[in-house]
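Heads up: the structure comes next, in structure tokens.
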Amino acid sequence: MSKSANNGIDPLMLIDKYGSDAVRYTLIREVAGAGQDISLQYDRATDESQSVEASRNFANKLWNASRFAMMNLNGQTPANLGKPDPNQLELSDRWILSRFYQTVTQTRHHIETYGLGEAAKGLYEFIWGDFCDWYIELVKNRIKDDTNPRSAKIAQQTLAYVLEGILKLLHPFMPHITEELWHNLTQAEGSIALAPYPTVDEILVGAPPLVPVASGAAIVTNRAPESIVNVQQTKAFTPSSNPSEVRALLDQVADYLTNLPTWVSSFLLRNQRGLTVLAIAGGAVVTLELLSVIVRGIESLWVISTLIQGVGVGYAGWLLYKYMLFSDDRHQTFHHLEQVWQEVKGVYEDQQEALLDASQPPTQVLASSRATAASAYALPPVTTFVNPALEQQFDLLFATIRVIRNLRAEADIKPGLKIPVILQTSSPGELETLSAGTSYIQELAKVEQLTLVKALDQAPPQAISGVVGTVQVLIPLTGIVDLEALKAKLQRKLDKLEQETKSLTGRLNNSNFVAKASPEIVQGARDNLAEVQQQQQTLQDRLQGLS
């Protein structure tokens, strides 16, 4: 834009059309790698900007994601829910927290080094891609799963915690929408601008890898008190000058002392009935002894004992006359006693539920009718949320889900129809990753039966296939789609690609075109020809697989 050339853009007009947050975010984001030039992709004929419109869509995406989260938090705020317990997190929770803290680190670095454009782009990729497109989809069923309230609560805690952190991270770039959403989410007074910016000071880097266990096992966290007791019984204490061993021993002692109240509460809860009977019996014995002493003392004074007996008889007669003599009085008395009993019973049940929540032992099995994502893994104690290895594993899961979705679209499979899928790879690491994410693949790709194999003796007949990395994805189509209609559709695409191949080949074989056209155009034609030939080969392979 130049003032002398009179080709400026009125920012107030863009603000009226797209909002001030969208304009502000676009100006910051487009600074990345642009030097002094900022591209707004502005159309003067319609006064529209694709760049600012994309930022407005980003704000709408954040608004809808926040609305979904707040609708599923049951009116609770992040402060009420509390931070999620690291050792109760499922794989998807650990993944999103790893991505969140990676984003926090990158954003703080870019801001401190004045790379505001890079920070804005990083937040866009994390919020739209990781949080909205993937994590919300991963926890939708967990939040609504009444059969596993503990897993649902962990999902709510993680969702609220990450969303509040996102709003804080994005506030310098989109101050108005983040302020509004933050107040609705936290119900706090003051301004989000005064809230501390997210940090990673308490997060250690270098998480241990996942440990595979027998297939079909549920999620198990291995911070069991029994494991500590076994170690103490089998390994005698010997003084050591190794600082790491001393540190490990101190950590075990600290862990034992920290969890001691929980274990005691768990013991009391597990043996509640027997302990209650013993307590009642002991209390009854003590009470009877006290009453006998009091009665013997009163009986020794005949004047006082006679007076007390007279008062007791008179009071008993008054009670019978007032509450039991007439029918209406009796009904009212019994109704009042029933209300008192219900109140006492309700308080007792609330106390039992609170005790159960407080005394749940650290080692637990998260059972559910829905297969959990980490059903083939034992999760080690969390020493860090930043786990690049876990992020790479989820990249493979997401790429596999994308391939399955694309194959479903190509085969015209109905969106709601669940299908069988075969995943073949010779890599043990990829097999473990796919096994751990079985439920995620089944839920997000609408897969009814997922089969994992190291090698295929024979490819299933009439199947459509795709590849992601070294993983081959096959979808048997027999009985699922109209194979003849699918073959005709693929053949039409193949005919179109053949015509395009002939056209590009003719241009490149024309000596005048190669000599007179610019090198960039010639190279572009060659690249297009290579791409079209690759697509043509893929369609031919798929047609052959369907025959």
Side-chain angles (χ1 to χ4, degrees), residues 11 14-15 18-32 38 51-71 73 76-84 96-133 135-136 156-203 385-386:
L14 292 177
I15 290 175
Y18 300 108
S20 59
D21 278 340
V23 176
R24 176 190 179 102
Y25 179 80
T26 303
L27 294 175
I28 297 175
R29 183 190 62 189
E30 295 301 329
V31 170
I38 298 177
S51 301
V52 185
E53 184 178 3
S55 298
R56 183 196 62 183
N57 295 339
F58 175 51
N60 290 339
K61 188 77 170 180
L62 176 63
W63 182 274
N64 292 332
S66 302
R67 182 171 175 268
F68 166 82
M70 286 183 278
M71 289 175 59
L73 295 181
Q76 301 180 87
T77 65
N80 294 336
L81 289 168
K83 295 180 65 174
I96 193 62
L97 287 172
S98 178
R99 291 292 306 122
F100 171 69
Y101 282 112
Q102 291 272 33
T103 305
V104 170
T105 303
Q106 295 169 3
T107 303
R108 294 183 69 94
H109 170 73
H110 289 317
I111 291 177
E112 291 171 358
T113 56
Y114 301 99
L116 300 182
E118 289 82 357
K121 286 188 174 181
L123 288 174
Y124 181 94
E125 294 172 358
F126 169 72
I127 296 171
W128 191 304
D130 297 331
F131 184 71
C132 297
D133 284 352
Y135 183 68
I136 287 181
Q156 288 179 328
Q157 290 175 326
T158 307
L159 183 65
Y161 179 76
V162 174
L163 178 57
E164 185 181 9
I166 284 174
L167 297 177
K168 293 178 180 179
L169 287 173
L170 192 61
H171 180 67
F173 306 90
M174 287 186 166
H176 299 93
I177 187 175
T178 52
E179 183 82 32
E180 180 70 16
L181 291 174
W182 183 77
H183 278 289
N184 290 332
L185 176 66
T186 64
Q187 300 296 320
E189 298 180 356
S191 172
I192 188 177
L194 302 178
Y197 206 65
T199 181
V200 292
D201 291 343
E202 74 277 11
I203 302 302
F385 286 124
V386 180

| request: Carefully, step by step, assess E118 and K121 under the rule salt bridge (charged side-chain N to carboxylate O under 4.0 Å, His left out). | output: CA-CA 5 Å; E118 289 82 357; K121 286 188 174 181; over 6 Å; no
| How far apart are the C-alpha atoms of V162 and F126, what are their side-chain angles, what is the distance that settles it, and do they pass the side chain to side chain contact (heavy atoms under 4.5 Å, CB included) test? | CA-CA 11 Å; V162 174; F126 169 72; 4.2 Å; yes
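The side chain to side chain donor-acceptor pair (under 3.5 Å) pairs that include a residue from residues 177-193 are H171-T178, E179-H183, E179-S191, where partners are two or more places apart or lie in different chains.
Atom CG in L62 sits 6.0 Å away from atom CD1 in I127 (nearest 0.5 Å). Atoms CG and NE2, from L123 and H110 in turn, are 9.0 Å apart once rounded to the nearest 0.5 Å. With values rounded to the nearest 0.5 angstrom, Q156 atom CD is found 10.0 Å from T158 atom OG1. Remark: L170 CG to Y124 OH distance equals 12.0 Å, nearest 0.5 Å. Between atom CG of residue L73 and atom CD of residue Q157 there is a gap of 10.5 Å, rounded to the nearest 0.5 Å. Going from atom NZ of K168 over to atom CG of L163 covers 11.0 Å, rounded to the nearest 0.5 Å.
When all heavy atoms are compared, the tightest approach of A59 to I177 is O-CD1, 3.5 Å. Of all heavy-atom pairs between R108 and P198, the closest is NH1-O, 2.8 Å. Contact record, S55 with A22: CB-O, 3.4 Å, taken as the closest heavy-atom pair. The nearest pair of heavy atoms linking L169 to P172 is O-CD, 3.4 Å. C132 approaches A65 most closely through the heavy-atom pair SG-CB, 3.6 Å. Counting all heavy atoms, side chain and backbone alike, D133 lies closest to K61 at OD1-NZ, 3.4 Å.
A heavy-atom distance below 4.5 Å is not found between the side chains of L81 and Y161. Residues T77 and L185 are not in side-chain contact: their nearest non-hydrogen atoms beyond the backbone lie 4.5 Å or more apart. A 4.5 Å side-chain heavy-atom check between M70 and L181 finds at least one atom pair inside the cut-off. A 4.5 Å side-chain heavy-atom check between I166 and T103 finds every atom pair outside the cut-off. At least one side-chain heavy atom of F131 sits less than 4.5 Å from a side-chain heavy atom of L159.
If you check the side chains of T26 and S51, you find no donor sitting under 3.5 Å from an acceptor.
For Y25, the ring pair (Phe, Tyr, Trp, His ring centres under 6.0 Å) partners are F58, not counting sequence neighbours.
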